2 protein chains.
Amino acid sequence: MHSLAEENYLKTLFSLSNDKAEVNVNDLSKRLGIKMPTVTSMMKKLATKKLVHYESYKPLRLTEKGKKEAALIIRKHRLTEMYLVEKMGFGWEQVHEIAEQIEHIQSSEFFAKMDELLGYPKLDPHGSPIPDKNGKMVWSAYSKLSECKKGDTVKITAVINTSEEFLKFLNSREIHIGLKLKIKSIEPFDNSMVVTYDKRNAETLSQIVCERLLVEK
Amino acid sequence: MHSLAEENYLKTLFSLSNDKAEVNVNDLSKRLGIKMPTVTSMMKKLATKKLVHYESYKPLRLTEKGKKEAALIIRKHRLTEMYLVEKMGFGWEQVHEIAEQIEHIQSSEFFAKMDELLGYPKLDPHGSPIPDKNGKMVWSAYSKLSECKKGDTVKITAVINTSEEFLKFLNSREIHIGLKLKIKSIEPFDNSMVVTYDKRNAETLSQIVCERLLVEK
DNA sequence: AAAGAAAGTTCGGTCACCCTAAATCGAAAA
DNA sequence: TTTTCGATTTAGGGTGACCGAACTTTCTTT
Ligand SMILES: [Mn+2]
Ligand SMILES: [Mn+2]
Ligand SMILES: [Mn+2]
Ligand SMILES: [Mn+2]
């Protein structure tokens with residue numbers, strides 16, 4: 001159907017579009033580690049395939065078709081991550097790189113089987129929603145931990161930015177999806193938070209960490 | 001390490017070398033569905049990487065390094081097939097195409113985990129040996145069913161040529177690895193065999209089928 | 001041994017995907 | 001409003017992987 005390169009452009013453009021109102025060639029270039037002229041020509045190619053609306057010097061926009069294709073690739077990525085964690089025993093910090101490759105496997109039966117064996121999961125191991133077979137994806141209305149107040153008790157529901165180092169940091173603090181924690185205090189100087197959970201009495205989390213944790217109250 | 005194309009050439013050359021004494025550019029070309037000039041230039045490229053001994057107009061030969069690399073790809077292919085059958089519930093006729101893609105995944109942890117979850121299997125679902133981590137592969141000394149005699153009782157140990165149609169044919173006759181069968185008679189005209197097994201009293205198997213079944217006495 | 005057929009190579013392309021350097025555009029600053 | 005500078009496109013190249021056409025070598029047949 002689509003080449004590996006095309007799939008990675010589509011998926012990345014889709015993800016960036018969920019974070020920012022406007023996505024430029026430069027943004028996509030930086031995220032993919034591919035130079036701008038290359039990105040421009042790929043956008044023109046995807047435009048001929050009716051996956052992207054492309055106009056010179058304008059922000060990049062996926063077509064409805066492009067959004068659906070992208071969401072289906074993300075579906076394969078997240079199903080894979082879930083499978084690797086739940087059925088194969090990998091840690092949540094190990095699965096992204098493998099899923100980055102397996103998401104390009106062309107076999108609907110393979111992903112349908114994963115889905116079935118997992119019991120049709122709605123979320124991946126990092127708390128992100130798994131798009132359905134039609135490419136529909138719904139994010140629950142979570143807050144960032146950094147936006148919570150002193151005294152709040154919240155439950156961790158998802159992690160933004162799933163880099164291996166960040167996830168290893170969370171492992172070292174025994175922080176995981178579903179964990180309930182209470183905000184003891186917020187340092188006004190740097191917005192770091194002191195929180196308690198389980199047997200941990202007073203863990204300090206920097207603002208950078210708190211901005212990457214999504215919670216529910 | 002190697003590109004997807006290089007890996008497919010290596011693996012196919014290795015497999016053909018196990019079937020025939022000499023493998024020519026033409027053989028590889030036909031098996032891969034790639035034209036001869038392309039095969040020639042890839043052989044030259046693999047020669048510069050010390051994976052193939054290449055001399056104009058001579059049969060193709062893998063170097064020891066090339067044999068090892070190829071066997072390790074076949075290892076990944078067969079581990080995958082075994083995993084798909086044993087852990088995911090696919091039929092043995094469904095797994096080859098998926099494994100053809102997954103064999104190119106670059107993650108030693110992923111294949112090590114499959115191996116572990118499978119309990120370090122020695123054979124794939126079609127009875128072919130899985131090369132070890134050093135690329136060592138041993139075929140047991142099996143006979144073709146077609147070489148057996150009237151009255152022999154044999155156990156099916158492997159299938160040569162694992163095309164989906166052939167495996168579906170075997171499914172329809174309830175023939176599988178481990179099945180014991182007895183040769184009732186051999187038709188001298190076309191070398192077809194009448195065999196009995198389980199509740200099947202008199203199945204006729206053509207010579208073409210009998211040549212594709214490996215057995216142990 | 002000569003001729004013809006098959007196999008293999010060489011040569012000149014194409015296409016996908018990537019790059020750098022140079023030109024151009026457009027938004028922010030002067 | 002003009003300047004300036006970052007963002008973007010254009011132009012020109014490179015590599016990997018494929019192809020067909022034409023040529024050469026080797027094998028087979030007579
Ligand atoms: Mn991921
Ligand atoms: Mn990917
Ligand atoms: Mn196979
Ligand atoms: Mn393959």
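Being a predicted model, the structure only gives us computed values, none of them experimental. Proteins get letters first, then strands, A, B, ... in listed order; numbering begins at 1 in each. FYI, side chains are in, hydrogens and waters are out, and symmetry mates aren't considered; it's all heavy atoms of this structure.
Residues A:Glu100 and A:Lys11 are paired through a salt bridge, judged by an N-O separation under 4.0 Å between the basic side chain and the carboxylate.
Residues satisfying the side chain to side chain donor-acceptor pair (under 3.5 Å) criterion with A:His104, sequence neighbours excluded, are A:Glu7, A:Asn8. The side chain to side chain contact (heavy atoms under 4.5 Å, CB included) check on A:Glu109 picks up A:Ser107, B:Phe90, with sequence neighbours excluded. With sequence neighbours left out, B:His176 forms a side chain to side chain contact (heavy atoms under 4.5 Å, CB included) with B:Leu179. Residues meeting the side chain to side chain contact (heavy atoms under 4.5 Å, CB included) test with B:Ser163, sequence neighbours left out: B:Asn161, B:Glu165, B:Phe166, B:Arg212. Here B:Arg31 pairs with B:Thr12, B:Leu16, B:Asp19 under the side chain to side chain contact (heavy atoms under 4.5 Å, CB included) rule; sequence neighbours left out. The ring pair (Phe, Tyr, Trp, His ring centres under 6.0 Å) test applied to A:His96 returns A:His77, not counting sequence neighbours.
Contacts classified as side chain to side chain donor-acceptor pair (under 3.5 Å) and involving residues 115-124 of chain A (residues at least two apart or in different chains) are given here: A:Arg75-A:Asp115.
Looking at residues 12-27 of chain B, you'll see that no heavy atom sits under 4.0 Å from any atom of DNA chain D.
For DNA chain C, the outermost nucleotides in 5' to 3' order that have an atom under 4.0 Å from a heavy atom of chain B are C:dA7 to C:dT10.
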Whether each nucleotide of nucleotides 19-26 of chain D has a protein heavy atom under 4.0 Å at its base (B), only at its sugar-phosphate (S) or at neither (-) is summarised, 5' to 3', as BBB--BSS

Mind listing the side-chain donor-acceptor pairs of residues 134-144 of chain A below 3.5 Å, one per line with the distance, residues two or more places apart or on another chain?
none

Polar atoms only, N or O, under 3.5 Å: list the protein pairs with nucleotides 2-5 of chain D and their distances.
none

